[in-house]
Amino acid sequence: MKLEGRVAIVTGAAQGIGAAIAREFVREGATIAAIDLKQEVNQVCHDIREQGGQAKSYVFDITDPDEYRRCIDEVASEKGRIDILVNNAAIAFYADILHDTLEQWRKTQAVNLEAIYWGCKLVVPHMLRQRWGRIISISSTQALATEGELGAYAAAKGGIISFTRSLAVDLAPHGVLANAIAPGCIHTPLSIVKGVDETQTEFFQEWYVRNQKIPLARPGEPEEIARVAVFLASDDCSYITGQTLVVDGGLTITS
Ligand SMILES: NC(=O)c1ccc[n+]([C@@H]2O[C@H](COP(=O)([O-])OP(=O)(O)OC[C@H]3O[C@@H](n4cnc5c(N)ncnc54)[C@H](O)[C@@H]3O)[C@@H](O)[C@H]2O)c1
């Protein structure tokens with residue numbers, strides 16, 4: 001078990017990639033604090049406990065700095081340590097620069113970037129005390145290549161990559177590693193846009209699958225991101241910091 005005895009915080013753990021990360025971490029021996037806006041995170045933790053794992057859910061909005069602080073304080077006092085933070089929660093909306101709004105921009109930065117900064121600020125003192133820590137932030141291939149209509153999301157995801165580099169330098173002397181993961185097209189509730197599962201559309205099947213814009217010719221599954229997160233959270237990852245691992249079936253290597 002790669003995460004035996006570790007205490008991990010996972011944001012956005014009610015569904016999709018966050019829920020898969022929570023489950024994989026528990027399978028590898030970690031104790032989980034699972035955060036989400038949605039009540040469904042209670043069920044994710046309930047199911048984990050039913051199978052003998054340790055998981056506690058926290059339902060709140062990560063853009064509320066006081067709520068976030070209360071949660072981290074509680075985990076630290078109950079478990080005595082915080083080893084891993086996975087910054088996974090995010091939102092996305094589709095609109096080009098002519099149709100998006102300042103409110104949408106600000107909300108996206110608040111959830112997808114500022115709350116990541118704040119989460120890191122809250123856990124870092126615990127990691128420094130332990131002289132061990134792993135921070136993993138979920139970026140996106142939208143930070144590297146884009147089809148448009150996702151300006152606020154792409155900017156926040158690019159911000160994660162740059163912030164991760166700076167964080168990695170700040171924390172390297174203290175045994176804390178910070179890395180990011182940039183998923184491509186992953187089959188989750190986020191891939192349902194305006195009621196349609198993007199990965200099932202004729203366009204997706206033709207362009208990404210049959211034409212192999214994605215060389216591996218399929219969308220990824222949340223567990224395939226979770227396995228990479230396990231690696232980055234474990235002692236197997238000992239000489240990688242400040243990096244972004246692209247997990248996209250080859251999407252961004254094709255033109
Ligand atoms: N699915 C993809 O194809 C894909 C691709 C690239 C990157 N990503 C990234 O992976 C991560 C997970 O994506 P997903 O597809 O599982 O998304 P998802 O929408 O299925 O899950 C995101 C979770 O975050 C929670 N959340 C949103 N705002 C929150 C807030 N303010 N406070 C607390 N919780 C909040 C949501 O309630 C939801 O449960 C995100 O960072 C996303 O940007 C996903």
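Whatever order the structure lists ligands and atoms in, that order sets their numbers, starting from 1. What you see below is based on every heavy atom in this structure, not just the backbone, and it leaves out hydrogens, waters and symmetry mates.
Checked for salt-bridge contact, Glu28 and Arg6 miss the test: no charged N lies under 4.0 Å from a carboxylate O. With salt bridges taken as basic N to acidic carboxylate O contacts below 4.0 Å, one links Arg218 and Glu224.
In summary, the side chains of Asn87 and Thr11 do not present any donor paired with an acceptor at a separation below 3.5 Å, with no hydrogens or angles considered. For the 3.5 Å distance criterion, the side chains of Glu74 and Tyr58 qualify, holding a donor opposite an acceptor. Between Asp197 and His187, the side chains place a donor N or O and an acceptor N or O closer than 3.5 Å (distance only, hydrogens not considered).
Ligand 1 lies under 4.0 Å from heavy atoms of Gly12, Ala14, Gln15, Gly16, Ile17, Asp36, Leu37, Lys38, Phe60, Asp61, Ile62, Asn88, Ala89, Ala90, Ile91, Val111, Ile138, Ser139, Ser140, Tyr153, Lys157, Pro183, Gly184, Cys185, Ile186, Thr188, Pro189, Leu190.
Annotation: Tyr153 is not in aromatic contact with Phe93 [ring centroid separation under 6.0 Å not met].
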